[in-house]
Amino acid sequence: MKISIDEEKCIGCGTCEVMCPEFFKMEGDIAKVVNELCDKENIKETIESCPVGAIIGRN
Ligand code: SF4
């Protein structure tokens with residue numbers, strides 16, 4: 001899966017970094033993807049946990 005973040009939607013809550021620090025890192029008020037290719041199962045849970053649906057996962 002390839003992951004990205006819609007920076008227009010991100011509200012900087014930090015949930016993604018807490019759940020998956022190997023893939024997301026906060027930079028100021030916006031989360032950045034630090035490792036965009038992912039085959040881990042728990043990334044789906046992180047995508048669903050984003051309160052504004054800003055994390056995009058494509059197979
Ligand atoms: S969980 Fe969503 S809103 Fe929160 S920092 Fe990550 S991408 Fe932004």
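What's counted below: heavy atoms across the whole structure, side chains too, no hydrogens, waters or symmetry copies. Quick note: residue numbers are just sequence positions, from 1. Fair warning: this is a prediction, and the values are worked out from it, not measured in the lab.
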If you compare all heavy atoms of [X] against all heavy atoms of [Y], which two are closest, and at what distance to 0.1 Å?
X     : Y     : answer
Thr46 : Cys20 : OG1-SG, 3.6 Å
Cys10 : Ala31 : SG-N, 3.5 Å
Met26 : Gly14 : SD-CA, 3.8 Å

(request) Please indicate whether Asp29 has more than 12 foreign heavy atoms, meaning atoms of other residues, nucleotides or ligands, lying under 6.0 Å from its CG. (result)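 No, the 6.0 Å shell around CG holds no more than 12 heavy atoms from other groups.
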(request) Just jot down the side-chain hydrogen bond (donor to acceptor under 3.5 Å, both in side chains) partners of Glu45, sequence neighbours excluded, or say none. (result)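 None.
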(message) Listing request: all side chain to side chain donor-acceptor pair (under 3.5 Å) pairs with a residue in residues 15-28, at least two apart in sequence or in separate chains.
(response) Glu22-Lys40
(request) With sequence neighbours excluded, give me every side chain to side chain donor-acceptor pair (under 3.5 Å) pair touching residues 47-58. (result) none
(message) Taking salt bridge (Lys or Arg N to Asp or Glu O under 4.0 Å) as the definition, give me every residue that meets it alongside Lys9, ordered by chain and number, with sequence neighbours left out.
(response) none
(request) Would you please name every residue forming a salt bridge (Lys or Arg N to Asp or Glu O under 4.0 Å) with Lys32, sequence neighbours left out? (result) Glu7
(message) Connecting only ILVMFWY residues whose side-chain heavy atoms lie within less than 4.5 Å of each other, what is the rest of Ile43's hydrophobic cluster?
(response) Met1, Ile3, Ile5, Phe23, Phe24, Val33, Ile47, Ile55
